Amino acid sequence: MQFDPKLIQQLKSATRIAVLTGAGISKESGIPTFREAQTGLWENYEAAELATPQAFQRNPKLVWEWYQWRRSLITQAVPNPAHLALVLLEQKAPAFHLITQNVDGLHRRAGSTNLIELHGNILRTKCFENNHAVEAWQEDGQIPPRCPFCGGLLRPDVVWFGENLPSTAIERAASAAQHSEIFLSIGTSGLVNPAASLPYLALEAGALLVEINPDHTPLSQYADHLLNGPAGEILPELVAQVWASKGENL
Ligand code: BV8
């Protein structure tokens, strides 16, 4: 796979690299992206319609069971070569921030450490009423289960549409974007805010923008380097060529 030698050189000499990932980076781990049609029982539902507090209040059982289905997909999934390439990039780059919109926890399982989870983590649970973090609950047949601290309904610890992101997460992400020399947007349609604003913050601060996506997105026209293809193929090859050119063994 051939890359622009300028890109190899730029990555080789960069000191501050920031990465934003979306559902596309987990596609090759077998997890459907947010916008592709859902399957089976969920094929008649739009993900964005279920991922809201209103949907949960209207039908808590339906939303809880949707997340249980997604959790079952995620527990069967493993990090793919794209996740692993970002672990290597983090080890090699002098300063590296990984910002993810994904809630599947695959970056952490791959070994990424400097990780900002903008939208929470589907494998964590809290109560709807008081945000109590809940690690274990009584499986007494009630769906959703109840909070052992206040009796409230349990929900996944993710950010729903219409809910604010954790303030520390979005502030850290914005700072990482604004201080990056190179910003890579990987596997995201760039349609969900405020995450979608991060690449533009990086551009305004003078960063070089790299997009990795099989499709074009609203961001594509601004990218200095457009790598159109699956992240699981492109990223490992790109990281290998950068560090091979440094004469370092991977
Ligand atoms: C907020 C967790 C302040 C849940 C997610 C009206 C009312 C209220 C809010 C709004 C409004 N209008 C706009 C808003 C703001 C709203 C928003 O942006 N809406 C959009 C849809 C218009 N945002 C919010 O509500 C945010 N909060 O703004 O708070 C506020 C508060 C009150 C009122 C107003 C404002 C909260 C947003 C977070 C929502 N939660 N996830 C869960 O997962 O269940 S978002 C969820 O969708 C994902 O986490 C992810 O972020 C997003 C999906 O985006 P992508 O990751 O990009 O995935 P997608 O499927 O779209 O694209 C995949 C890409 O991968 C594609 O481009 C594809 O080509 C590519 N691909 C495919 N295969 C591969 C690949 N790439 C590489 N390799 C491959 N192999």
Side-chain angles (χ1 to χ4, degrees), residues 1 19-39 42 45-56 62-74 77 79-86 98-107 115-126 128 155-167 169-171 173-174 184-200 210-220 223 226-238:
M1 191 181 294
V19 175
L20 171 68
T21 62
I25 201 167
S26 295
K27 177 83 179 292
E28 291 154 275
S29 295
I31 297 177
T33 65
F34 222 77
R35 266 160 194 77
E36 69 191 321
Q38 298 202 96
T39 55
W42 306 103
Y45 295 93
E46 279 286 314
E49 283 164 6
L50 290 170
T52 71
Q54 295 75 13
F56 183 77
L62 177 80
V63 174
W64 175 265
E65 287 177 336
W66 180 53
Y67 279 94
Q68 287 302 83
W69 172 68
R70 288 176 61 193
R71 281 169 165 161
S72 68
L73 288 182
I74 285 162
N80 68 61
H83 295 106
L84 300 172
L86 290 181
L98 175 52
I99 307 156
T100 191
Q101 301 172 85
N102 299 341
V103 297
D104 57 33
L106 287 181
H107 284 304
L115 176 64
I116 303 168
E117 291 180 318
L118 292 179
H119 297 155
N121 187 314
I122 199 171
L123 300 175
R124 286 198 307 263
T125 300
K126 65 180 185 180
F128 185 75
R155 56 165 283 183
D157 186 9
V158 297
V159 179
W160 279 334
F161 288 98
E163 291 186 324
N164 286 310
L165 277 62
S167 53
I170 193 62
E171 283 156 16
L184 294 98
S185 177
I186 304 170
T188 179
S189 58
L191 299 174
V192 174
N193 281 301
S197 64
L198 294 169
Y200 300 97
V210 182
E211 183 177 47
I212 300 177
N213 194 318
D215 297 345
H216 267 234
T217 73
L219 187 67
S220 302
L226 259 184
L227 308 180
N228 286 132
E233 289 170 28
I234 288 177
L235 256 178
E237 189 53 34
L238 180 64

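Each ligand, and each atom within it, is numbered from 1 in the order the structure gives. Because the structure is a prediction, the values reported are computed rather than measured. Position 1 is the first residue of the sequence; numbering continues from there.
Below 4.0 Å from some heavy atom of Gly22 lie the following atoms of ligand 1, by number and element: 56 (O). The contact set between ligand 1 and Ala23, taken as ligand atoms under 4.0 Å from a residue heavy atom, comprises 55 (P), 56 (O), 58 (O). Every atom of ligand 1 with a heavy atom of Lys27 under 4.0 Å away is listed here by number and element: 73 (N). The Glu28 neighbourhood of ligand 1 comprises atoms 78 (N), 79 (C), 80 (N), with distances under 4.0 Å to a heavy atom of that residue. Residue Val192 has at least one heavy-atom neighbour below 4.0 Å for each of these atoms of ligand 1: 18 (O), 37 (C), 47 (O), 52 (C). When each atom of ligand 1 is checked for a heavy atom of Asp215 under 4.0 Å away, the hits are 69 (O). Near Arg70, the atoms of ligand 1 lying under 4.0 angstrom from a non-hydrogen atom of the residue are 42 (C), 43 (O), 44 (O).
The proximity of Leu165 to ligand 1, defined as any non-hydrogen pair under 4.0 Å, is limited to the side chain. Using a 4.0 Å cut-off between heavy atoms, Ala51 contacts ligand 1 through its side chain alone, with no backbone atom that close. The proximity of Asn164 to ligand 1, defined as any non-hydrogen pair under 4.0 Å, involves the side chain as well as the backbone.
Take Lys126 and apply the side chain to side chain donor-acceptor pair (under 3.5 Å) test, not counting sequence neighbours, and it matches Asn131. For Glu233, the side chain to side chain donor-acceptor pair (under 3.5 Å) test picks out no residue, with sequence neighbours left out.
Ring pair Trp160/Phe128 is tilted by interplanar angle, where 30° to 60° counts as tilted.
Protein heavy atoms are found less than 4.0 angstrom from atom 21 (C) of ligand 1.
Residue Asp104 comes nearest to Ser26 through the heavy atom pair OD2-OG, 2.5 Å, listed as atom of the first residue, atom of the second, then distance.
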